[in-house]
Protein chains: 2
Amino acid sequence: MTKKLGSIRDVAKETGLSIATISRVMNGATNVSPETREKVLLASKKLNYLPNPAARTLTTKKTKIIAAIIPTIEHSVYAKFIAGMEQTLAKRGYSLVFAISNSDEEQEKDAAEKLLGMGAEAFVLSGGRHDPELIELLTRRGVQFVFTSIWAPDGDVPTIGYDNFALARGAIHHLHRMGHQDIAVVHGPEVLSDRTTWRKRGAKSAESAEIRLAFFEEELSVGGGKLAAYSMLKHKTKFTAALCLSDVMALGVYTAHSENNLVVPDDLSVMGFDNLDWSVHISPPLTTIDLPARKMGESAVTSLMDYLEDGTPIERKFFDAKIIERASVKKL
Amino acid sequence: MTKKLGSIRDVAKETGLSIATISRVMNGATNVSPETREKVLLASKKLNYLPNPAARTLTTKKTKIIAAIIPTIEHSVYAKFIAGMEQTLAKRGYSLVFAISNSDEEQEKDAAEKLLGMGAEAFVLSGGRHDPELIELLTRRGVQFVFTSIWAPDGDVPTIGYDNFALARGAIHHLHRMGHQDIAVVHGPEVLSDRTTWRKRGAKSAESAEIRLAFFEEELSVGGGKLAAYSMLKHKTKFTAALCLSDVMALGVYTAHSENNLVVPDDLSVMGFDNLDWSVHISPPLTTIDLPARKMGESAVTSLMDYLEDGTPIERKFFDAKIIERASVKKL
DNA sequence: AACTATCATGTAACCGGTTACATAAGCGAT
DNA sequence: ATCGCTTATGTAACCGGTTACATGATAGTT
């Protein structure tokens, strides 16, 4: 089925011009006479000619491919992140290739090798914890990369993200301002992501005589949130609020409560993290933290493209994330 | 920052071998002595050598890149679909590049041109409605492609998907078996996708003296579902069930009802379409249709890889999708 | 009329691999 | 000892572009 495509030399023969001129036309060089341009374009159509990207890359050394490795795509925060990257890249003629690491450093490294072998010119990585071999590989090859979804004021690699520590700390303070003192913190496994680690630490940093926390770890899913809620209900402390470090788990807490005829927020205030699409539509609407995932994606790839084109150094970037107050948190 | 990378000739010089031998080692050819192989591998490490993908592609004419164009990624059905494709491709050393079309034929065509210019060897398209120029472009260049998420028994292009018509028809029949006769069908805009068209037609085909339908079109979102529910409530007919052609809209119907102190399924039975993750966790759990998006993705790219490697012709594939009965539909 | 700047186009080297074909060495069979 | 086969390696052409440099034509300047 694959048909033979015309090459630049075919077009040159057809038009009686040299390949250099054809190349000029295809690249929109200005010093080509209008008639010549016309003739070349016509012949190109006729011969079904499109410049071969591999040949072009071979000399220019530019692939215009940027790679992203993400832990999972089945979480709308990442979906937004990817959408932001893809659309920003597309506007400037770049393409996104990506791979899913399943939060596994080994898989991430393998994926990076494959993407590098495809010609990726720069990488967007998630979080700040990676196989040292991966970092070394990218550094050795001189491939620029950034860490996203996290914020670190220093370190060799630029981070483009939000401050998980401060956000979680802020969330606890928010609950405290609403009158809560015994707060359950529901979260997923730390091994999967250093974002979780930072969020936990941030929450922990807010502990005081007036603010007492207990941590419940379960799988990062609705089911996991449900399990955590059951543990919470059995706990000796009567919690008045739960901070879920992901909306998905908050939904599980809702479910567990409705299964037990308990009412959010009367029996328990619930706060989430992520502001997923549906969080405003469940009942009661979930108080949560809106993460600027799309913007973060846009920003990460814009920095990388600027770097690739002009060598603009990549700056660390910090995005603010706002608490969205809704009905799931009750003022005591 | 980009460092000069070693080329195959550098490695040849370093080892005193010819470039042909280096190439053989890099490609795992068998007829190389173990000592030579060792020496080459060592020198490669030392010189920081990795074969240049563009140069390789230039001669082999294989990029191992498969492209997918999807309407949106911010819908977990597509996220699953993409995840299925990516992971299946990765296992065989292929990569996925993709673009988002926003359900716009123009954008889809532009994206395809870009992806083609990147070296995509085959395409996965969503649905069966596309710019004729796009189809012509792919055909002219001899690039294989498939349509997904739909099912058509004939036509030139293989479809890999499920039968939206039959599924919607089956859903209506299911509701009828549960005793419902006045059914509202809630759906998104048809212009965005021919899946919607097929689903609407399938529902329509089930109409009879005993089964009376009314269609409510709104934006494909939770908010849209809510609006549709409000229209439904104002409608002269008292509907006992709503079939939402997407779970997302079903959630909107739930919200509208709880805002009006109406109870699902007592006041209205609700059925969805897609079986999104959270559909089992909302209350009441949503009866819906489970779409095999991940499998579909796996299957589509497997067919394409087989075609690219052995010329295996691509067969149309049909996936069954099951109704998942949960508490949101009440037997009358 | 001679000189020069400008513009359109051509020439040819080069990018970094793969691979068909050639060659040489080693070994067993006759 | 000779022949033929196998195996490891080398030679060189080729893939399809880009681009520095060369060339020739045209127009403007004095």
Side-chain angles (χ1 to χ4, degrees), chain A residues 2-41 43-44 47-65 93 116-119 121 141-142 309, chain B residues 2-41 43-44 47-65 93 116-119 121 141-142 309:
Chain A
T2 301
K3 290 169 191 158
K4 185 150 184 322
L5 305 177
S7 82
I8 196 170
R9 291 171 224 263
D10 295 331
V11 180
K13 204 160 292 168
E14 172 80 14
T15 55
L17 294 158
S18 72
I19 58 169
T21 302
I22 312 301
S23 175
R24 288 186 190 107
V25 172
M26 298 316 290
N27 291 295
T30 50
N31 49 346
V32 179
S33 80
E35 312 85 63
T36 302
R37 176 181 305 279
E38 218 33 59
K39 203 169 16 162
V40 170
L41 258 21
S44 298
L47 297 180
N48 190 20
Y49 171 69
L50 268 187
N52 178 319
R56 178 175 277 172
T57 296
L58 188 54
T59 50
T60 60
K61 296 178 175 355
K62 296 210 174 305
T63 58
K64 297 199 137 198
I65 295 179
L116 221 38
M118 272 191 56
E121 296 186 82
R141 304 216 76 197
E309 286 170 13
Chain B
T2 301
K3 290 169 191 161
K4 187 152 182 321
L5 305 176
S7 81
I8 196 169
R9 292 170 225 262
D10 296 330
V11 181
K13 204 160 291 170
E14 172 81 16
T15 55
L17 293 160
S18 72
I19 59 169
T21 302
I22 313 302
S23 174
R24 288 187 188 104
V25 172
M26 298 315 290
N27 291 293
T30 51
N31 49 346
V32 179
S33 79
E35 312 85 64
T36 302
R37 175 181 307 279
E38 220 31 61
K39 204 172 9 162
V40 170
L41 259 21
S44 298
L47 297 180
N48 189 22
Y49 172 68
L50 268 189
N52 178 319
R56 179 175 276 172
T57 296
L58 189 55
T59 50
T60 61
K61 296 175 178 350
K62 296 211 172 305
T63 58
K64 296 200 140 201
I65 295 178
L116 221 38
M118 272 192 57
E121 295 185 82
R141 304 216 76 197
E309 287 170 13

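In the text below, chain A, chain B and the rest are named by the order of the sequence lines, each starting its count at 1.
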**Q.** Nearest listed nucleotide, side chain of A/Thr59, among D/dG16, C/dG17, D/dT9
**A.** D/dG16

Q. Can you tell which of C/dT18, C/dG16, D/dT9 lies closest to the side chain of B/Thr60?
A. C/dT18

Q: Give, for atom NZ of B/Lys64 and atom CD of B/Glu121, the distance between the pair rounded to the nearest 0.5 Å.
A: 9.0 Å

Q: Would you kindly give the CG-to-C1' distance between A/Leu17 and C/dA8, to the nearest whole Å?
A: 10 Å

Q) Choosing from D/dG16, D/dT9, C/dG10, which nucleotide comes nearest the side chain of B/Ser33? A) D/dT9

Q) Looking at A/Thr15, A/Thr21, A/Ile22, which hits side chain to side chain contact (heavy atoms under 4.5 Å, CB included) with A/Thr36? A) A/Thr21

Q. Can you tell me how far C1' of D/dT19 sits from NZ of A/Lys62, to the nearest Å?
A. 15 Å

(Q) By nearest atom, which of the nucleotides D/dC15, C/dA12, D/dG17 is closest to the A/Ala20 side chain? (A) C/dA12

**Q.** B/Glu14 CD - C/dG16 P separation (whole Å)
**A.** 17 Å

**Q.** Under-3.5 Å donor-acceptor pair between B/Arg56 side chain and C/dG16 base
**A.** no

Q) Given D/dT9, D/dC15, C/dG16, which nucleotide is nearest the side-chain atoms of B/Asn31? A) D/dT9

Q) Distance check: side-chain N/O of A/Ser23 vs OP1/OP2 of D/dT18, anything under 4.0 Å? A) yes

Q. Does B/Asn52 have a side-chain nitrogen or oxygen under 4.0 Å from the phosphate oxygens OP1 or OP2 of C/dC15?
A. no

Q: Kindly indicate, with the supporting measurements, whether the criterion side-chain contact (heavy atoms from CB on, under 4.5 Å) is fulfilled by B/Ile65 and A/Met118.
A: CA-CA 8 Å; B/Ile65 295 178; A/Met118 272 191 56; 3.5 Å; yes

Q) So, is B/Thr36 close to the D/dT9 phosphate, meaning a side-chain N or O under 4.0 Å from OP1 or OP2? A) yes

**Q.** Distance, nearest 0.5 Å, that separates CG of A/Asn48 from CG of A/Leu50
**A.** 7.0 Å

Q: Please check the phosphate of C/dG16 (OP1 and OP2 only) for any side-chain N or O of A/Lys61 closer than 4.0 Å.
A: yes

Q | Gap between atom OG of A/Ser44 and atom CD1 of A/Ile8 - 0.5 Å precision | A | 9.0 Å

Q.
Closest-nucleotide mapping onto DNA chain D: is B/Leu58 or B/Ile19 further toward the 5' terminus? I mean the 5' end.
A. B/Ile19

Q. Whole Å only: how far is the CG atom of B/Asp10 from the P atom of C/dG17?
A. 9 Å

Q) Could you state the CE-P distance from B/Met26 to C/dT18, rounded to the nearest angstrom? A) 9 Å

**Q.** Protein-nucleotide distance (A/Arg9, atom CZ; D/dC15, atom C1'), rounded to Å
**A.** 9 Å

(Q) Nearest whole Å is fine: how far is D/dT9 P from B/Glu38 CD? (A) 13 Å

Q: Step by step, work out the side-chain contact (heavy atoms from CB on, under 4.5 Å) result for B/Asp10 and B/Tyr49.
A: CA-CA 9 Å; B/Asp10 296 330; B/Tyr49 172 68; over 6 Å; no

Q: State which of C/dA20, D/dA8, C/dT9 makes the closest approach to the side chain of B/Arg24.
A: C/dA20

Q: Kindly point out which of D/dT18, C/dT11, D/dC15 is positioned nearest to the side chain of A/Ser18?
A: C/dT11

Q. Within this structure, what is the NZ-to-P distance between B/Lys64 and C/dG17, rounded to whole angstrom?
A. 18 Å

**Q.** Of the listed nucleotides C/dT18, D/dG17, D/dT18, the one nearest the side chain of A/Ser7
**A.** D/dG17

